2 protein chains.
Amino acid sequence: MAETIFSPAATTSLERRGLRDRVYDLVLDMLMSSSIEAGTRLSIDAIARDLNVSPTPVREALVQLERTGLVTREAHKGYRVAPPIADDQLEALFDARVVLESGATALAARTPETLIPVLEDALADHTTVMERVQNSPGSGEMPVELIREYFAVDWNFHHLIFEGARNPFLLDMSEAISTRVHRMRQTVKTGVSDALEAVTEHRAVLDALTVSPDAAAQAMREHIDKVRERSRRDAARQASNTAR
Amino acid sequence: MAETIFSPAATTSLERRGLRDRVYDLVLDMLMSSSIEAGTRLSIDAIARDLNVSPTPVREALVQLERTGLVTREAHKGYRVAPPIADDQLEALFDARVVLESGATALAARTPETLIPVLEDALADHTTVMERVQNSPGSGEMPVELIREYFAVDWNFHHLIFEGARNPFLLDMSEAISTRVHRMRQTVKTGVSDALEAVTEHRAVLDALTVSPDAAAQAMREHIDKVRERSRRDAARQASNTAR
DNA sequence: TTTTCCAATATCCTATAGGAATACCTGGAT
DNA sequence: ATCCAGGTATTCCTATAGGATATTGGAAAA
């Protein structure tokens, strides 16, 4: 335990109000943004010291994080960063995504007049960022900020569909999914190479919304299955690289 | 705040090991079993005193409960028993059930050879308890223990399908659903009058499993939609009764 | 009689301290 | 050289205390 995990600026930002939720957000950002090694110990006292708070709100935040699956807990042994998505778990994650997102798409398609405009805006943003990704230097450095921005606009399309379903239960479940998807993207280096295909498939979903709920659900199912195929391919390529 | 919520026997059972999970189980049982009035304050200190523990594990258990939706929290105002499922939320709950359970059924149907035997056993238990419910005195007292037993075997069928899907993400989500369903059954007095229909529809799902995953998913979807219809009817009848 | 304001109480939120269990490291024996 | 044992240190878990905030009750005024 050498240096602190959090930047000094973060500590000053939380001042002295609403500690528990703010600690949760900070730890969540820390887990999402920087790629933390799996299995890293998340010491309650250390986090509390770094954030200048008492261990109690940190403990509450970690309990909340535990239910998201980002951290694991062993009794009397403390919290650790959850292990990366295993291969079989990755298939299960995509299965769950297909079930949830195609279902949410069918529900959201019941009110297309309010859904389509916001999705058009989201897809326009997605397209803009995609073009910037395409125009970035083909090989070599890709700004991490651009990658983060791309992931945000990409997922925003899916998130808006969950919101469009107007179902609090499915919305809660979408959060559980989004954290896993985000974490998967840290381990499996994909999601930027298929930007053009993603935009195309999102467009297909949006067009299918004007046809029927079933068509929209089917389009979403096909989109996620294609993402699954690309992830399989990238995971295999990545495995062969590390094995070299 | 007059008398204690918990029975004296409960306090002695937790002794002095693994407090947080045990407190969680106790509070969960308390919320599930006895029908607590919605909006009842869940005082951290009071629970801690009743259970002879410090407020810290109680606080952690309540954070965990909060994410299940059984309790609500307002900052600087404490925890309360979550309000009963509102009418629109009830429709949303059934929508979510249709999405999740039909999807889980399709996934579980991929391995029918391991799934069908356990479901046959579960359905046999369900049938047995159903007959006991039918033979109980038609009007008047229905033993609360029998009702609880019926709910258990009924939900067990659904739960086994979630387990059969072998998908940890969907399994987690099923817990979020089950708590809501159980709580709904406390407010809307249904689920015992349609025992025969429930068994019949479960049998239809089981038979469809031998046909194809899509057929099984469709059967589950129809089952939940029929439960939804019966709940609507019972809710309307109940509303007319209270309005009288 | 009703409304409003104020004070007292209870509760939550945060901080600090002590006991217990686990992990790590060092020294010795095989 | 390797394995085991013991001690030390870190960390988690629980308990208690103090400050801040919301709720409740009563009293006074309209």
Side-chain angles (χ1 to χ4, degrees), chain A residues 1-6 10-27 30 36-67 70-83, chain B residues 1-6 10-27 36-67 71-83:
Chain A
M1 183 60 58
E3 61 266 85
T4 167
I5 301 174
F6 296 90
T11 70
T12 62
S13 68
L14 59 79
E15 299 282 352
R16 201 157 284 279
R17 62 189 178 85
L19 289 197
R20 171 189 140 180
D21 299 319
R22 204 159 299 267
V23 172
Y24 175 83
D25 289 340
L26 283 174
V27 178
M30 186 265 290
I36 303 289
E37 195 77 15
T40 302
R41 288 179 62 98
L42 291 177
S43 168
I44 294 176
D45 292 344
I47 294 174
R49 280 195 304 271
D50 288 350
L51 269 54
N52 287 328
V53 297
S54 77
T56 305
V58 176
R59 182 178 293 273
E60 294 183 3
L62 286 179
V63 172
Q64 219 167 342
L65 261 304
E66 184 190 359
R67 282 201 73 86
L70 286 172
V71 305
T72 62
R73 168 184 177 271
E74 271 182 291
H76 294 274
K77 292 181 69 175
Y79 292 89
R80 290 178 177 277
V81 176
Chain B
M1 185 61 56
E3 60 268 85
T4 166
I5 301 175
F6 295 89
T11 70
T12 62
S13 70
L14 60 79
E15 300 280 354
R16 198 158 283 279
R17 61 184 181 88
L19 289 196
R20 170 190 142 182
D21 298 320
R22 204 159 295 268
V23 171
Y24 175 83
D25 289 341
L26 284 173
V27 178
I36 303 289
E37 195 78 14
T40 302
R41 288 179 61 100
L42 291 177
S43 168
I44 294 176
D45 292 344
I47 295 175
R49 278 195 305 271
D50 287 351
L51 269 54
N52 287 327
V53 297
S54 76
T56 305
V58 176
R59 180 178 295 270
E60 294 183 3
L62 287 179
V63 172
Q64 218 168 343
L65 261 304
E66 183 189 1
R67 283 201 73 87
V71 305
T72 62
R73 167 183 176 270
E74 271 182 289
H76 294 274
K77 291 180 69 176
Y79 292 90
R80 288 178 177 278
V81 176

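Below, read A as the first sequence line, B as the second, and so on, with proteins coming before strands; counting in each chain starts at 1. Predicted model only: the values in this text are computed from it and were never measured.
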Chemist: Quick check on the helix from C/dT1-D/dA30 to C/dT30-D/dA1: what's the angle between its two end axes, five base pairs per end, to the nearest 10°?
Modeler: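 The helix from C/dT1-D/dA30 to C/dT30-D/dA1 shows an end-to-end axis angle of 20°.
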Chemist: Please report the distance, rounded to the nearest Å, between CZ in A/R20 and C1' in C/dT14.
Modeler: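 About 14 Å, once rounded to whole Å.
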Chemist: Considering the options B/L51, B/T56, B/L62, which one meets the side-chain contact (heavy atoms from CB on, under 4.5 Å) requirement together with B/V23?
Modeler: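 So, applying the side-chain contact (heavy atoms from CB on, under 4.5 Å) to B/V23 and each of B/L51, B/T56, B/L62, only B/L51 qualifies.
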Chemist: Output the rounded distance in Å from CD (B/E60) to P (D/dA15).
Modeler: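 In whole Å, D/dA15 P and B/E60 CD are 12 Å from each other.
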Chemist: Could you work out, with side chain to side chain contact (heavy atoms under 4.5 Å, CB included) as the rule, every residue matching A/A75, not counting sequence neighbours?
Modeler: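 Here the qualifying residues are A/R73.
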Chemist: Nearest whole Å is fine: how far is C/dA20 P from A/E74 CD?
Modeler: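 Interatomic distance, CD of A/E74 to P of C/dA20: 22 Å.
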Chemist: Quick check on D/dC13: is either OP1 or OP2 less than 4.0 Å from any side-chain nitrogen or oxygen of B/S54?
Modeler: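 The answer is no; no side-chain N or O of B/S54 sits under 4.0 Å from OP1 or OP2.
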Chemist: A/A75 or B/R73: which one's nearest nucleotide on DNA chain C is closer to the 5' end?
Modeler: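 The answer here is B/R73.
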Chemist: What protein N or O atoms touch nucleotides 23-25 of chain D N or O atoms at under 3.5 angstrom, if any, and at what distances?
Modeler:
{"residue": "D/dT23", "atom": "OP1", "partner": "B/K77", "partner atom": "NZ", "Å": "3.1"}

Chemist: Check whether any side-chain heavy atom of A/Y79 sits under 4.5 Å from a side-chain heavy atom of A/R41, and report yes or no.
Modeler: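 A/Y79 vs A/R41: side chains apart.
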Chemist: Send over the distance from B/I47 CD1 to C/dC12 C1', rounded to a whole Å.
Modeler: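 Distance, rounded to whole Å: 13 Å.
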Chemist: Using whole Å, what does the distance between atom C1' of nucleotide C/dT22 and atom CD1 of A/I44 come to?
Modeler: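 In whole Å, C/dT22 C1' lies 14 Å from A/I44 CD1.
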Chemist: How close or far is atom P of C/dC13 from atom CZ of A/R59, stated in whole angstroms?
Modeler: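 Rounding to the nearest Å, CZ of A/R59 and P of C/dC13 are 16 Å apart.
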Chemist: Check the distance between D/dC12's C1' and A/L62's CG and give it to me in whole angstrom.
Modeler: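 In whole Å, D/dC12 C1' and A/L62 CG are 12 Å from each other.
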